[in-house]
Amino acid sequence: MGVAVRVCFVGDSFVAGVGDGSHRGWAGRLIARGIERGYELTGYNLGVRGDTSTMIRQRFEAECAARFSPGEHAVGIVFSFGVNDVIRWSSKPRVAVGERIANLSAILDQARVRRWPVLMIGPPPIADDALNEQLRELDAQMQDRCELADVPYLSVHEQLAGNEVWRSEVAADDGAHPRAAGYDVLAGLAEGAWDNWLRELAARLER
C-alpha cells in the first residue's frame, strides 16, 4: 500500500479538461501518473469553466476543506488559472490588472494558513496574440509572487506556444482549448514538477 495522498486541482476550464474527449485533461493524466508510481492518491478536479482568480479566491478554501478531512493522509492543492483574468468583456478585462496578483497573494496566504502545500501551474497560451502577450506578463508576475512565497511554480506558456500539437489543436477547436493530444503535451510538461511535489507531500506525512 502506498502513501495516502489527497490532492485538489483548482482552476478554470483548462483544469477541467474542456475539449478532451476522454474527459481527463492534464489533471486526470497527472492523477493517473501518481497512482502508477505507487501513491494511494485521491484526486479531486475542481476546475470550473470561466473562473477567474477572483472567483477561485472566493471558493477554493471551502471546497478543499470539504475534501481534506482529518486522517492519516497528506493533502495539497494544484492551482492553475489566469486566462480568464485577461479575457475582455464589454471592452474591459474580467479582472483588473492590479487585482490579479492581489488575488494570487490572497490565495497563497489562505493555503499557507491552512498548511496546505501548493503547486502552481502557469496559464497556457490561446489563439490570440494580443491576449497571449498579456498572459506572458501575468505568467512572469505569478512566478515572481510564488517564488516569494516559496511555492513551486511551473511556467508552461512559452513551451506550449512553440508546440505545434498544442497550437494546431487550439486553433482547430474553440481558439482556447486543445483536444486530448494537447492535454498530453501539457501533462508531459508538468510531470517533473508534479513528481517532485508529490514526493515532498509524501515525505511530510512520513516525518
Open item on the list: Looking at Gly25, is its backbone amide N or carbonyl O close enough to the side chain of Asp20 to form a donor-acceptor pair, meaning the two atoms are under 3.5 Å apart?
Closed with: yes
Task: Student check: side-chain heavy atoms of Met142 and Pro123 closer than 4.5 Å - done: yes
Task: Residue pair Ala161 / Arg167: nearest heavy atoms and the distance that separates them - done: O-CD, 2.8 Å
Open item on the list: If we ignore hydrogens and angles and just use 3.5 Å, is the side chain of Arg88 paired with the main-chain N or O of Leu131 as donor and acceptor?
Closed with: no
Task: Neighbour count above 12 (heavy atom, 6.0 Å) for Arg94 CZ - done: yes
TODO: Indicate if Val95 and Phe79 have the same hydrophobic cluster label, given that clusters are the connected sets of ILVMFWY residues with side-chain heavy-atom separations under 4.5 angstrom.
DONE: no
TODO: Write out all pairs satisfying side chain to side chain donor-acceptor pair (under 3.5 Å) with one or both partners inside residues 67-79, taking only residues at least two apart or from two chains.
DONE: Arg6-Ser69
TODO: With sequence neighbours excluded, tell me which residues meet salt bridge (charged side-chain N to carboxylate O under 4.0 Å, His left out) with Arg57.
DONE: none
- [ ] Could you grab the distance from atom CG of Asp184 to atom CH2 of Trp166, nearest 0.5 Å is fine?
- [x] 11.0 Å
TODO: Would you mind reporting whether Asn196 and Pro152 have side-chain heavy atoms less than 4.5 Å apart?
DONE: no
Open item on the list: Set out, in order, the CA-CA distance, both residues' side-chain angles and the distance that settles salt bridge (Lys or Arg N to Asp or Glu O under 4.0 Å) for Arg49 and Asp174, then state yes or no.
Closed with: CA-CA 13 Å; Arg49 188 167 192 170; Asp174 61 359; 3.4 Å; yes
Task: ILVMFWY network linking Val48 to Val15, side-chain heavy atoms under 4.5 angstrom - done: no
- [ ] Starting at CZ of Arg199, measure out to CZ of Arg37 and round the result to the nearest 0.5 Å.
- [x] 6.0 Å
TODO: Identify whether Trp26 and Leu189 are in the same connected component of the hydrophobic contact network (ILVMFWY, side-chain heavy atoms under 4.5 Å).
DONE: yes
Task: Minimum side-chain heavy-atom gap Val3-Leu201 below 4.5 Å - done: no
Open item on the list: Quick one, Asp139 with Ser155, criterion side chain to side chain donor-acceptor pair (under 3.5 Å). Give me CA distance, side-chain angles, the key distance, then yes/no.
Closed with: CA-CA 7 Å; Asp139 183 43; Ser155 175; 2.5 Å; yes
Open item on the list: Is the shortest side-chain heavy-atom distance between Ser22 and Tyr183 below 4.5 Å?
Closed with: no
Open item on the list: Nearest 0.5 Å, please: how far is CG in Asp85 from CD1 in Ile56?
Closed with: 7.5 Å
Open item on the list: A side-chain contact here means heavy atoms from C-beta on lying under 4.5 Å apart; do Met55 and Phe81 qualify?
Closed with: no
Open item on the list: Can you pull out every ring-ring contact (aromatic ring centres under 6.0 Å, His included) where at least one residue sits in residues 88-112? Sequence neighbours excluded, please.
Closed with: none
TODO: Say whether Phe9 and Leu108 are linked into one hydrophobic cluster, either directly or through other cluster members, by side-chain heavy-atom distances under 4.5 angstrom.
DONE: yes
Task: Lys/Arg N to Asp/Glu carboxylate O, Arg29 vs Glu191, below 4.0 Å - done: no
- [ ] Supply the atom-to-atom distance Cys8 SG to Ile77 CD1, rounded to the nearest 0.5 angstrom.
- [x] 6.0 Å
Task: Interatomic distance, Ile126 atom CD1 to Ile87 atom CD1 [nearest 0.5 angstrom] - done: 4.5 Å
- [ ] Using a 4.5 Å cut-off on heavy atoms from C-beta on, say whether the side chain of Arg100 contacts that of Gln141.
- [x] no
Open item on the list: Testing the basics here: between Leu135 and Gly82, what is the closest heavy-atom pair and its distance to 0.1 Å?
Closed with: CD2-O, 3.8 Å
- [ ] Might you point out which heavy atoms bring Gly182 and Glu169 nearest each other, and give the distance in Å?
- [x] N-OE1, 2.8 Å
Task: Under 3.5 Å donor-acceptor, Asp12 side chain and Gly50 backbone - done: no
TODO: Provide the closest heavy-atom pair for Ser80 versus Met120 in the form atom of the first, atom of the second, distance.
DONE: CA-CE, 4.3 Å
Open item on the list: Quick one, Ser53 and Leu104 - any side-chain contact, counting heavy atoms below 4.5 Å?
Closed with: no
TODO: Can you tell me which residue pairs pass the ring-ring contact (aromatic ring centres under 6.0 Å, His included) test with a partner in residues 111-157, sequence neighbours excluded?
DONE: Phe68-Trp116
Open item on the list: We want to know whether Asn103 and Thr54 form a side-chain donor-acceptor pair, criterion being a heavy-atom distance below 3.5 angstrom.
Closed with: yes
- [ ] Check whether any side-chain heavy atom of Trp197 sits under 4.5 Å from a side-chain heavy atom of Val7, and report yes or no.
- [x] yes
Open item on the list: If you compare all heavy atoms of Val83 against all heavy atoms of Pro124, which two are closest, and at what distance to 0.1 Å?
Closed with: CG2-O, 3.6 Å
Task: Distance-minimising heavy-atom pair for Gly43 and Ile31 - done: CA-CD1, 3.7 Å
- [ ] Under the salt bridge (charged side-chain N to carboxylate O under 4.0 Å, His left out) rule, collect the residues that match up with Glu63, sequence neighbours excluded.
- [x] Arg59
- [ ] Please identify each residue that fulfils salt bridge (charged side-chain N to carboxylate O under 4.0 Å, His left out) with Asp173, with sequence neighbours left out.
- [x] none
TODO: May I have the step-by-step check of side-chain contact (heavy atoms from CB on, under 4.5 Å) for Val78 and Trp194, ending in yes or no?
DONE: CA-CA 9 Å; Val78 179; Trp194 166 248; 3.9 Å; yes
Open item on the list: Testing Gln134, Glu137, Glu133 one by one against Val86 for a side-chain contact (heavy atoms from CB on, under 4.5 Å), which residue passes?
Closed with: Gln134
Open item on the list: Measuring from atom CG of Leu30 to atom CD1 of Ile35, what distance do you get when rounded to the nearest 0.5 angstrom?
Closed with: 11.5 Å
